[in-house]
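The figures here come from the full heavy-atom set of this structure, side chains too, leaving out hydrogens, waters and symmetry mates. We number each residue from 1, following the sequence as shown.
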Amino acid sequence: MASKKNRRIAAIMFTDIVGYTALMQKDEAAAMKMRVRHRSTFQKSHDAHTGEIIQYYGDGTLSTFSSAVKAVECAIYIQQMLQKDKPVPIRIGLHLGDIVFDGTEVYGDGVNLSSRIESLGVAGSILVSGTLNDELKNQPQISTKSLGHFELKNIAKPIAIFAVANEGIKVPDRSELKNHKQKKTKDNIS
């Protein structure tokens, strides 16, 4: 029996522990402790911010929210909690877009774009698409900074990327996002 497919707009969050594979090869016990702490914090924050955890994979996660504001507040909480004591170096990417949910999996352009945004980031950062950032304009508790437009792998048009700039959150320089081409536009030419 085929499961019913639902299409909806969602805030999509990807996370990834930076350097996890290297740490696993060097010190498996330390890597496992880091992953357990990441997942525990992730679960608590999603419970508190009404997020839906879709999948844990290795050292990363995929989740969705019905609110862009709640998604970013959750991401801020995760980063702030994981930077205490022995920091867990994660990067977080968020996008607001159309997804298809079939009961067990989430897929679609929105998911792909969120994944690309996460991979653009650095440890301690939260990067969001311009589309999601538009939803944050009347939220004074959330501060963001434009990083410009970027060409992302297998994404047709350059995407506006913003970094969450709240206290305790790493705001990368454009030069730190070196693995991706920066689109030259009037908003990011110095």
Side-chain angles (χ1 to χ4, degrees), residues 1-18 20 35-82 88 90-121 125-139 141-142 144 146-147 149-164 166 169 180 183:
M1 182 165 114
S3 61
K4 187 176 178 183
K5 294 180 182 177
N6 260 322
R7 190 172 281 280
R8 64 184 188 220
I9 300 293
I12 307 127
M13 176 191 291
F14 266 90
T15 72
D16 184 61
I17 300 174
V18 178
Y20 181 80
R35 191 172 102 173
V36 166
R37 182 168 169 224
H38 170 257
R39 288 190 178 184
S40 172
T41 301
F42 193 78
Q43 182 67 53
K44 287 176 192 170
S45 65
H46 277 66
D47 290 346
H49 295 93
T50 63
E52 182 178 356
I53 298 169
I54 305 299
Q55 182 177 3
Y56 288 107
Y57 56 93
D59 61 333
T61 59
L62 165 63
S63 58
T64 62
F65 297 78
S66 59
S67 161
V69 173
K70 288 287 189 185
V72 174
E73 289 175 342
C74 182
I76 291 168
Y77 177 85
I78 290 169
Q79 282 291 23
Q80 289 174 339
M81 291 299 104
L82 292 179
V88 175
I90 70 162
R91 58 185 177 221
I92 300 175
L94 294 155
H95 174 61
L96 181 68
D98 196 53
I99 62 170
V100 178
F101 182 65
D102 69 7
T104 59
E105 291 184 314
V106 171
Y107 52 93
D109 284 341
V111 175
N112 296 336
L113 186 49
S114 180
S115 173
R116 297 291 187 239
I117 293 168
E118 174 269 311
S119 69
L120 182 66
S125 71
I126 302 168
L127 300 184
V128 302
S129 67
T131 305
L132 190 138
N133 191 68
D134 287 345
E135 300 297 314
L136 306 176
K137 292 194 186 306
N138 64 349
Q139 301 297 317
Q141 77 280 14
I142 301 171
T144 61
S146 174
L147 298 177
H149 284 77
F150 290 83
E151 294 178 1
L152 304 175
K153 181 179 177 183
N154 297 326
I155 304 297
K157 295 180 181 178
I159 302 296
I161 301 293
F162 291 79
V164 173
N166 285 46
I169 307 301
H180 300 274
K183 180 71 176 173

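Taking both residues in full, the closest heavy atoms of His46 and Ser63 are given as NE2-OG, 2.7 Å, listed atom of the first, atom of the second, then distance. Smallest separation of non-hydrogen atoms from Phe14 and Val111: CE1-O, 3.5 Å. Across Ser129 and Leu96, no two heavy atoms sit closer than the pair OG-N, 3.9 Å.
Here CG of Leu94 is found 11.0 Å from CG of Leu113. Values are rounded to the nearest 0.5 Å. Between the CE atom in Met13 and the CG atom in Leu132 there is a gap of 9.5 Å [rounded to 0.5 Å]. Note that the CZ atom of Phe162 and the CD1 atom of Ile142 stand 13.5 Å from one another [nearest 0.5 Å]. The distance from the CD1 atom of Ile159 to the CD atom of Glu151 is 10.5 Å, given to the nearest 0.5 Å. Within the model, atoms NE2 of His95 and CD1 of Ile12 stand 5.5 Å from one another, a figure rounded to the nearest 0.5 Å. Taking OG1 of Thr41 as the reference point, atom CD of Gln80 lies at 12.0 Å (rounded to 0.5 Å).
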Please output the side-chain donor-acceptor pairs of residues 65-78 that fall under 3.5 Å, not counting sequence neighbours, one pair per line with the distance.
residue : atom : partner : partner atom : Å
Ser67   : OG   : Val69   : N            : 3.3
Ser67   : OG   : Lys70   : N            : 3.1
Glu73   : OE2  : Gln141  : NE2          : 2.8

Could you list the donor-acceptor pairs under 3.5 angstrom formed by side chains in residues 51-62, with sequence neighbours left out?
residue : atom : partner : partner atom : Å
Glu52   : OE1  : Arg8    : NH2          : 3.4
Tyr57   : OH   : Thr15   : O            : 3.4
Thr61   : OG1  : Thr15   : OG1          : 2.4

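When side chains are defined from C-beta on, Gln79 counts as touching Ile90, because their heavy atoms get closer than 4.5 Å. Proximity of Ser45 to Met81: side-chain heavy atoms (C-beta onward) are nowhere separated by under 4.5 Å.
A salt bridge (charged side-chain N to carboxylate O under 4.0 Å, His left out) with Asp16 holds for exactly one of Arg35, Arg116, Arg91; it is Arg91.
Annotation for Asp109: atom CG does not count as buried by contact number, only 12 or fewer foreign heavy atoms lying within 6.0 Å.
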- Going through the checks in order, is the side chain to side chain contact (heavy atoms under 4.5 Å, CB included) test met by Tyr107 and Asp102? CA-CA 9 Å; Tyr107 52 93; Asp102 69 7; 4.1 Å; yes
